[in-house]
Engineer: 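Could you have a look at this structure, given as structure tokens, before my questions?
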Amino acid sequence: MSEAGMPEVDPATLARPKGTIVAYMQLRDAEAASAFYQRAFGAEEKNVLLHPDGKRIIHCHLWLNEGSIMLNDPFPEQGMPLQPPQAFTLTLMVDDIDAWFERAVDAGCEVITPVATMFWGDRYCALKDPFGVSWAMNQGKS
């Protein structure tokens, strides 16, 4: 443990982020969210660092669809209380939207917009996960 009570980590053991923009989400149960994203979207958990309390996650790195997302639990005692997700949508660009949609719904995502061909010509759908995060999927025209 470091002087601040945080785990000491060798940076060489941490996976590098994929993609050029990374969503870092604070969710009410980062461990459950990681497990859900693995089931719903085929994410691969690369690193997890626990808080010294042994219950909360201070850092979880997932590779998802050629990109990265990162998660942590809220830490109100450090000025980081939980704020429900709002005013954004994470969009996955996929090549088989029907399979991605079915997996996400089977895992527990709420359907907001079923898969349909949209005015811009692509197939699209919108979902909400059990943690309140809005997701969309888009499959371009062949």
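Quick note: numbers below take in every heavy atom, side chains included, and nothing from hydrogens, waters or symmetry partners.
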Engineer: Assess the residue pair V115 and Y124 against the criterion (side chain to side chain contact (heavy atoms under 4.5 Å, CB included)); give the C-alpha distance rounded to whole Å, side-chain angles, the decisive distance to 0.1 Å, and a yes or no.
Structural biologist: CA-CA 5 Å; V115 176; Y124 172 90; over 6 Å; no

Engineer: Taking the side chain as C-beta and beyond, is there a heavy-atom pair between M70 and H59 under 4.5 Å?
Structural biologist: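 Sidechains of H59 and M70: in contact.
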
Engineer: Verify side chain to side chain contact (heavy atoms under 4.5 Å, CB included) between I69 and W63, making sure each step is shown before the conclusion.
Structural biologist: CA-CA 7 Å; I69 59 172; W63 282 352; over 6 Å; no

Engineer: Using the side-chain hydrogen bond (donor to acceptor under 3.5 Å, both in side chains) rule, take Y24 and N72 through it: C-alpha gap first, then chi angles, then the decisive distance, then the call.
Structural biologist: CA-CA 8 Å; Y24 208 121; N72 70 283; 4.7 Å; no

Engineer: Taking everything shown except Q38 itself, do over 12 heavy atoms lie less than 6.0 Å from its CD?
Structural biologist: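 Buried by this count: over 12 neighbours within 6.0 Å.
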
Engineer: How long is the straight-line distance from CG of L27 back to CD of Q83, given to the nearest 0.5 Å?
Structural biologist: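 Answer rounded to 0.5 Å: 12.5 Å.
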
Engineer: Knowing that exactly one of V105, L92, T89 qualifies, which makes a side chain to side chain contact (heavy atoms under 4.5 Å, CB included) with L127?
Structural biologist: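 Going through the options one by one, the only one that passes is V105.
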
Engineer: In sequence, state the C-alpha distance, the side-chain angles, and the governing distance for K141 and D122, and then conclude on side chain to side chain contact (heavy atoms under 4.5 Å, CB included).
Structural biologist: CA-CA 5 Å; K141 296 182 269 186; D122 292 354; 3.6 Å; yes

Engineer: Please round to the nearest 0.5 Å and tell me the distance separating atom SG of C109 and atom CZ of R39.
Structural biologist: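 Taking SG in C109 and CZ in R39, the distance rounds to 10.0 Å.
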
Engineer: Within the side chain of N47, is there an N or O that forms a donor-acceptor pair under 3.5 Å with the backbone of C60?
Structural biologist: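 Such a contact is absent between N47 side chain and C60 backbone.
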
Engineer: I'd like to know whether Y37 forms a ring pair (Phe, Tyr, Trp, His ring centres under 6.0 Å) with W135, so could you lay out the CA-CA distance, the side-chain angles of the two residues, the decisive distance to 0.1 Å, and finally the verdict.
Structural biologist: CA-CA 11 Å; Y37 296 148; W135 292 83; 5.4 Å; yes

Engineer: Hey, are the side chains of C125 and V111 touching, using non-hydrogen atoms and a 4.5 Å cut-off?
Structural biologist: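 With C-beta onward as the side chain, the pair stays apart.
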
Engineer: Side chains of E110 and I112, heavy atoms from C-beta outward: is any pair under 4.5 Å?
Structural biologist: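 A side-chain contact under 4.5 Å exists here.
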
Engineer: Could you measure the distance from the CG atom of D73 to the CZ atom of R28? Nearest 0.5 Å is fine.
Structural biologist: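 Here the interatomic distance stands at 11.0 Å.
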
Engineer: Give a yes or no on whether F75 and F131 share a hydrophobic cluster (residues Ile, Leu, Val, Met, Phe, Trp, Tyr; joining criterion: side-chain heavy atoms under 4.5 Å apart).
Structural biologist: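 The answer is no; the residues belong to distinct hydrophobic clusters.
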
Engineer: Within the distance-only criterion (no hydrogens, no angle test), does the side chain of Q26 pair as donor or acceptor with the backbone N or O of M80 below 3.5 angstrom?
Structural biologist: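 Present.
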
Engineer: Taking the side chain as C-beta and beyond, is there a heavy-atom pair between V9 and L49 under 4.5 Å?
Structural biologist: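 When only atoms from C-beta onward are counted, L49 and V9 do touch, with a gap below 4.5 Å.
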
Engineer: Using a strict threshold of under 4.0 Å (side-chain N to carboxylate O), is an ion pair present between R123 and D98?
Structural biologist: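 Judged by the 4.0 Å cut-off on N to carboxylate O distance, D98 and R123 do form a salt bridge.
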
Engineer: With salt bridge (charged side-chain N to carboxylate O under 4.0 Å, His left out) as the criterion, how do R103 and D106 come out once you've worked through the C-alpha distance, each side chain's angles and the decisive distance to 0.1 Å?
Structural biologist: CA-CA 5 Å; R103 179 176 58 193; D106 287 349; over 6 Å; no

Engineer: Atom CD of Q139 and atom CE of M118: how far apart are they, to the nearest 0.5 Å?
Structural biologist: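 The CE atom of M118 is 13.0 Å from CD of Q139, to the nearest 0.5 Å.
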
Engineer: Do any N or O atoms from the side chain of T13 and from the backbone of D10 form a donor-acceptor pair under 3.5 angstrom?
Structural biologist: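 A pair under 3.5 Å: yes.
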
Engineer: Walk me through whether L14 and R16 qualify under side chain to side chain contact (heavy atoms under 4.5 Å, CB included).
Structural biologist: CA-CA 6 Å; L14 298 176; R16 297 296 307 154; over 6 Å; no

Engineer: Tell me the closest heavy-atom pair linking F41 and A104, and the distance in Å.
Structural biologist: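 Heavy atoms of F41 and A104 come nearest at CE2-CB, 3.8 Å.
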
Engineer: Using side-chain heavy atoms (C-beta onward) and a distance below 4.5 Å, is P85 in contact with M25?
Structural biologist: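 Answer no - side chains too far apart.
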
Engineer: Any non-hydrogen side-chain atom of W100 less than 4.5 Å from a side-chain atom of N65?
Structural biologist: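 SC-SC contact between W100 and N65 confirmed.
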
Engineer: Compare all side-chain heavy atoms of I57 with those of V48 and state whether any distance is below 4.5 angstrom.
Structural biologist: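 Counting from C-beta outward, I57 and V48 do come under 4.5 Å.
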
Engineer: Could you tell me whether the side chain of S68 and the main chain of K18 form a donor-acceptor pair under 3.5 Å?
Structural biologist: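 A pair under 3.5 Å: yes.
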
Engineer: What I'd like to find out is whether the side chain of S134 reaches to under 4.5 Å of the side chain of F88, using heavy atoms alone.
Structural biologist: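 The answer is no, as the side chains (C-beta and beyond) never meet within the 4.5 Å cut-off.
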
Engineer: Test salt bridge (charged side-chain N to carboxylate O under 4.0 Å, His left out) on E77 and R56 and set out the steps.
Structural biologist: CA-CA 13 Å; E77 72 279 10; R56 296 177 292 171; 2.8 Å; yes

Engineer: Working to the nearest 0.5 Å, report the span between CD of E45 and NE2 of H61.
Structural biologist: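 Rounded to the nearest 0.5 Å, the CD-NE2 separation comes out at 10.5 Å.
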
Engineer: Nearest 0.5 Å, please: how far is CG in D29 from CZ in F36?
Structural biologist: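 Reported value, rounded in 0.5 Å steps: 12.5 Å.
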
